[in-house]
Amino acid sequence: MSKPVSTVVIVGGGTAGWLTAGLLAAEYMAGPDSVFKVILIESPDVGPIGVGEGTWPTMRLSLEKMGVSETDFIRHCDASFKQGTRFVGWVTGDDEYYYHPFTPPHGFNELTLGQYWWPYRDQVSFADAVSPQGYACDRALAPKQIATPEYASVLNYGYHLDAGKFSAFLESHCTQNLGVTHIRDNVVAINAAESGDIESLATESGKTIDGDLFVDCTGFAALLIGEHFGVSYKSRSNYLFNDRALAVQVPRRSPKEPIASTTLSTAQRAGWIWDIALPTRRGVGYAYSSNHTDDEQADSDLRAYLSGTGDADFAESCTPRQIKFSPGHREKFWHKNCVAIGLSGGFVEPLEASALVMIELSAKMLVEHLPANRELMDIVAKRFNDKFLYHWGRIVEFLKLHYVLSKRSDTEYWRDNCDPKTIPADLQDSLELWRYESPWRDDLPKFDELFSAASYQYVLYGMGFETKAPDVERRSFRANQAAAEKSFYDTNQRRAQLLNALPTNRELIGKVCEFGFQKI
Ligand SMILES: Cc1cc2nc3c(=O)[nH]c(=O)nc-3n(C[C@H](O)[C@H](O)[C@H](O)COP(=O)(O)OP(=O)(O)OC[C@H]3O[C@@H](n4cnc5c(N)ncnc54)[C@H](O)[C@@H]3O)c2cc1C
């Protein structure tokens, strides 16, 4: 009989390490006598990357699964509610904007509305025609009320959070409530078994840590998957050019300032600037292409943005932190008895905040398919690798979509982005198809796509893409048109109700801190 997998060793105490530890421990370490062990080793010298502050709605489920109270999470992580992204200047470079909200279009499972909305495009944006969420975001409203139970929603939402506080919060929950063993030490050597598997890790203080499965959450260092196993890295820089970021934390000018309920993503001459609103500060950064601008110009563009948002003094005095990255991912993520989760597995620009959700999905698959023994591990590893390679391909395509639909041609960056040589072939095919039919459920090949057809619709129609009008000769046309009109009407009605009922983001966070949400 092959040895059971009962000890999982995670190297890395950033968001990837603690989320993986928490989800595994919550499922497998049911009581004090549990034979299953999760050990997390974290370097005392190298801190977590400290960026990564926008999540998807999936984070609600991950936190709930770990037994975290949403009230505690909001209080300890300087968190706010995120309802999507507002893309500014992506189409023409002017002040225009569109939303990619988290709530799917009204009646999304019955009918796709893109083609029926088109005749009204000069009166109302696609997002506003099919969902009240854009209006809520325009007013910095919260997605729920204080009486809404923890993790339940009125409008779909994820979070903005302080990455440093989030890691610390997860650490304390995992060690105090879930029984995760935490070791602060540097891993200095990897001891291999004859099979090539990792047998144990040696630490600087002289410990040897044995395990059955090792999870590489060491960030860009990729100590196990990259440095030890040499699993190669697939660059995606031919499609996605951004390879540097400049990040700052902007203090609030007043504790009463509204807290935006979307990430702001503002297009720049050689990239885009994210602006993430937390209760006590904003996280702002410029993701740019070093082939299309230099660091000095990027720095000055970031400062100009900060001045434009009313932070001229801060813009002058701040010292942005530079982060370099290579857009891409591993050729495989699970090799032998080692699986890479987080930045060690790959990273591309955070345009749709896809990194944390990939961590959640990887940890979820690990939890649901944790191999019972070593013999089964290679089968699970193959499935894991197929699944996540597919996800990476789709992430690259979805991010690239934002660039290819732009009408900007003011800089080489935007011109290069629309050069067919830089557009994945599958995306080119899809765009051809979408000229005749809206992306919808059956359009996407897998049941668990990362980006749903709703997301594609929001970006396509937000950026002015035209899908041919529905064929009036088709038997279904009249019924569909009537259903679409009703859907637009219902959305309008619901919007009026919601705008009256929802508090602002700041009001709700204030109440959560004072009274807390209703418990789960
Ligand atoms: C500019 C930028 C913006 C981003 N924005 C977003 C966003 O908005 N949304 C989103 O979802 N994601 C975003 N991300 C990605 C997100 O930050 C990461 O996916 C997330 O923080 C997870 O990081 P990690 O845990 O993999 O690595 P890290 O946080 O880098 O953690 C690495 C850990 O490994 C440990 N370690 C390293 N070497 C050793 C060793 N030898 N021994 C022991 N321990 C070791 C370190 O101590 C550390 O604890 C962004 C990333 C960047 C670069």
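Remember, it's 1-based here, ligands and their atoms both numbered in the order they're listed. Every heavy atom of this structure was used, including side-chain atoms; hydrogens, water molecules and symmetry mates were not. No experiment lies behind these values; they were computed from the predicted model shown.
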**Message:** Evaluate Gly17 for polar contact with ligand 1, using N/O atom pairs at a separation under 3.5 Å.
**Reply:** no

**Item:** N or O pair under 3.5 Å between Phe220 and ligand 1
**Value:** no

**Item:** Per-atom contacts of ligand 1 with Val187, taking only distances under 4.0 Å to non-hydrogen atoms
**Value:** 40 (C), 41 (N), 42 (N), 43 (C)

**Complete:** Under 4.0 Å from one or more heavy atoms of Asn186, ligand 1 contributes atoms 42 (N)

**Request:** Using the ring-ring contact (aromatic ring centres under 6.0 Å, His included) rule, take His329 and Tyr233 through it: C-alpha gap first, then chi angles, then the decisive distance, then the call.
**Result:** CA-CA 6 Å; His329 53 83; Tyr233 195 80; 7.3 Å; no

**Asked** Salt-bridged, Asp311 to Arg282, with N to O below 4.0 Å?
**Response** yes

**Message:** Check for me whether Lys332 meets the cation-pi criterion with Phe388, that is, NZ or CZ under 6.0 Å from the six-membered ring centre and within 45 degrees of the ring axis.
**Reply:** no

**Item:** Side-chain ion pair, Glu257 and Arg281, N-O less than 4.0 Å
**Value:** no

**Request:** Could you tell me whether Ala16 approaches ligand 1 through its side chain, its backbone, both or neither, with non-hydrogen atoms closer than 4.0 Å?
**Result:** both

**Prompt:** Could Arg60 and Tyr157 be counted as a cation-pi pair, given that NZ or CZ must be under 6.0 Å from the ring centre and within 45° of the axis?
**Reply:** yes

**Message:** Can you confirm, on distance only, whether ligand 1 has an N/O atom lying under 3.5 Å from any N/O atom belonging to Ser43?
**Reply:** yes

**Fill in**
One finds that the ligand 1 atoms under 4.0 Å from a non-hydrogen atom of Ala353 are 9 (N), 11 (O)

